[in-house]
Amino acid sequence: MMNMIIQAVLILIYATFMGFIFMGIERKTMARIQRRIGPPLYQPLLDTLKLLGKRESITHGFIYDFGPIFALGASILALMFLPLTQNFQLFSSSGDLIVVAYLLEVPMLGIMLGAMSSGNPYSGVGVQRGLLTMVAMQLPYGLALIALVEHYGTFSLQEIVKAQQIAGWSILVPALLLAMIVFDIVFQALLGLEPFDITTAPAEISMGPMVEYGGKQAALLFTQHAVQLFAETAFFVILFLGGANNLLELLIKQIAVLFIAIFIASIYPRFTIDQAAKFLWKWPTIMGIIAALLAVL
């Protein structure tokens with residue numbers, strides 16, 4: 001029991017630190033694409049430490065304070081179910097694919113729950129957009145996962161990784177390559193990157209749901225995003241890139257996935273909320289249906 005607790009703490013520290021570095025890579029790469037110098041890679045970590053040192057006197061009740069904690073807890077729990085390397089998975093079950101897929105969506109609900117209790121109209125607008133985006137991406141997200149389950153015949157992440165070690169990465173299978181493209185589109189929405197960043201829309205609604213948060217609460221949200229970023233990139237690697245034999249291999253694949261997301265965000269302008277919903281319900285859904293049908297054959 002003690003050994004499991006130590007492993008959980010160590011992997012959480014590693015994932016949080018690397019998540020902050022991923023956030024720094026995102027900001028730095030975006031800046032270089034736009035021909036700016038950009039901040040150092042460790043800047044998100046410094047920002048979070050600074051927020052932790054601030055005294056926050058504003059509160060809107062228990063739900064407002066509980067929202068970031070709930071979101072962070074869901075991200076940490078999702079991390080614990082991931083087989084980060086071929087021989088390491090802290091928690092496992094025969095249906096951990098569904099568990100992780102569900103837990104990676106829960107943080108957005110936690111943030112929305114806390115933000116709505118603030119009463120700020122900008123938070124309300126951001127929450128409405130966030131919930132609509134979540135509803136819109138459910139169908140293509142589910143279809144991509146269905147294609148994976150149909151092909152491998154299991155809901156176990158460890159079994160999916162083992163199958164890829166034997167037969168090759170998922171992206172080498174035409175049906176799963178289509179599923180990967182669908183998942184990658186949904187991945188942009190899960191990360192809140194362009195063209196699906198309408199939920200926060202910094203220049204329009206002042207960070208949307210998070211506008212009222214500051215100090216230690218904002219630091220919790222930054223930490224949650226760092227853990228979520230690490231977990232989601234690792235989830236992508238596990239499902240489509242064969243997982244990893246060690247943390248170095250996992251890190252290299254995660255950075256490759258992150259770069260693809262950053263480049264897409266740099267190329268495409270922001271969708272309006274109706275454009276985002278129509279897009280997600282059209283092309284990714286069609287590709288997801290085709291992928292699911294091909295996986296059956």
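Atom CD1 of Ile264 is separated from atom CD1 of Ile185 by 8.0 Å, given to the nearest 0.5 angstrom. Rounded to the nearest 0.5 angstrom, Leu139 CG and Leu280 CG are separated by 9.5 Å.
The closest donor-acceptor contact from the side chain of Glu150 to the backbone of Leu293 lies at 3.5 Å or more, if one exists at all. Under a 3.5 Å cut-off, the side chain of Asp96 and the backbone N or O of Val99 do not form any donor-acceptor pair. Between the side chain of Thr233 and the main chain of Phe230, a donor-acceptor pair closer than 3.5 Å is present. Looking only at distances, a side-chain donor or acceptor of Gln89 sits under 3.5 Å from a matching main-chain atom of Phe81. Side-chain N or O atoms of Glu159 include none that pairs as donor or acceptor with a backbone N or O of Phe155 at under 3.5 Å. A donor-acceptor pair is defined here as one N or O able to donate and one able to accept, closer than 3.5 Å; no such pair exists between the side chain of Gln86 and the backbone of Asn245. For the pair Ser170 (side chain) and Leu239 (backbone), a donor-acceptor distance under 3.5 Å is present. Put simply, the side chain of Gln165 gets close to the backbone of Gly242: a donor and an acceptor are under 3.5 Å apart.
Legend: residues meeting side chain to side chain donor-acceptor pair (under 3.5 Å) with Arg32, ordered by chain and number and at least two apart, are absent.
Side-chain contact between Phe187 and Val257: present, with at least one pair of heavy atoms (C-beta onward) separated by less than 4.5 Å.
A donor and an acceptor atom, one from each side chain of Gln43 and Asp47, are located under 3.5 Å apart.
Ring planes of Phe196 and Phe271: perpendicular class, angle over 60° (limits at 30 and 60°). Relative orientation of the Phe70 and Phe66 rings is tilted, given thresholds of 30° and 60° on the angle between their planes.
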